[in-house]
Amino acid sequence: MEEMKRGHGIISYDDLKHYTAKERQATVFDYEKSYQVLTMPLPSSGGVLLPQMMRMAEQQPIGQYGFESLKSVHLMTEIERLSYADRAKFLGDRDYFKVPVKTLISYPYVIDRMKAYDPDHAGNSQSIGPGQVAPESEETTHFDVIDHEGNAVSVTTTLNGGYGSRTVVGGAGFLLNNEMDDFSIKPGVPNMYGALGGDANAIAPGKRMLSSMTPTIVLKKGKVFLVVGTPGGTTITTSVFQTLIDILDFKMSADEAVNQPKFHHQWMPDIIFVEQGFSQSLMDSLRQMGYQIKVREAIGRTEVIEVHDDGSIEAVGDHRGEDSAAGY
Ligand code: DON
């Protein structure tokens, strides 16, 4: 503390008292089948960059190029450029920021990244940016079906978090969910989607947890008009709400309603979350009104079937994922 005072530092005795070391799992990966590499995980970027760089190198005959040959230095430089571009965008403390580690070090991803490598020319950091990483999926699935007689189903099924409770039932081959997270464990403590709750959704024997799943069918004059739904945790209800209003009130096509940037508010946190591409001028005006706005990753993966007045059917799979629509 003497030193802090002397240097006009801001670290207090309390800061030191509240600091605790965290024990983390080492990063472990194979290199060229014969080696297993163990290294430091996040929050050191080494735990992501090293496997990423080694896996990029593994795809090339680097051993033949020789130590500090033109070829090996060029190759390794380009690999380092690619990894550091990813570091700038994706890496940070996982306790605070969702880092797509699995994707970043996966072979399909690194092989795809290496398409930017030109063995004959130096790369250029202005044109080589971070890779495209689809957000690591959470585990809810939605689908809509309509048959030639006009019977419709809208189905949402959830494991809740990625891989649920990460337990595959031996011999049966399905995953157990982690739906207990959809209960409110105590007032004021949010679940993984930031939802708060109290006694109404407290854990009790035999009780079912509150969900946000909103598989929906809209009838017009008694006949199926829309079949709608999406995954997305707490954004499910607001996405379905927004999609219906877009179609029913703003007269948007199903495709526009699904694929235009979405927004979401869930009381707490008191923030309007918007997707990238949401109108900048609208954000400015909302901020002037006193709103807090935060741009976030994609909201939901909404699917819609719309039956037009002439009986023709329009089916839309959300462009945010690899969703698709098919007719038979
Ligand atoms: O039932 C619910 O509200 C949650 N289990 C849904 C989680 C979810 O949508 C995650 N997938 N995107």
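The residues of the chain are indexed from 1 along the displayed sequence. All of these numbers come straight from a predicted model, not from anything done at the bench. Order of appearance sets the numbers: ligands from 1, and atoms from 1 within every ligand.
- Atom-to-atom distance recorded for Arg287:CZ and Ile272:CD1 is 9.5 Å, nearest 0.5 angstrom.
- Set against the non-hydrogen atoms of Gly232, the atoms of ligand 1 under 4.0 Å away are 8 (C), 9 (O), 11 (N), 12 (N).
- Atom CD1 of Ile313 is separated from atom NE2 of His148 by 11.0 Å, given to the nearest 0.5 angstrom.
- In the vicinity of Thr158, heavy-atom distances shorter than 4.0 Å reach the ligand 1 atoms 1 (O), 4 (C), 5 (N), 6 (C), 7 (C).
- With hydrogens and angles left out, the side-chain atoms of Gln52 and Asp86 include a donor and acceptor closer than 3.5 Å.
- Atom CD of Gln36 is surrounded by more than 12 heavy atoms from other residues, nucleotides or ligands within 6.0 Å.
- Note: no N/O pair closer than 3.5 Å links Leu210 and ligand 1 by distance alone.
- Without hydrogens or angle criteria, Asp93 side chain to Pro43 main chain gives no donor-acceptor distance under 3.5 Å.
- In this structure, Glu179 has a heavy atom closer than 4.0 Å to ligand 1.
- The proximity of Asn160 to ligand 1, defined as any non-hydrogen pair under 4.0 Å, involves the side chain as well as the backbone.
- At a heavy-atom cutoff of 4.0 Å, ligand 1 is contacted by no atom of Thr234, backbone or side chain.
- Those atoms of ligand 1 that come under 4.0 Å of a heavy atom in Tyr193, given as number and element, are 7 (C), 8 (C), 10 (C).
- Note on ring orientation: taking the six-membered ring where Trp is involved, the planes of Phe263 and Phe278 are perpendicular (angle over 60°, cut-offs 30° and 60°).
- Geometrically, ligand 1 and Ile236 share no nitrogen or oxygen pair separated by less than 3.5 Å.
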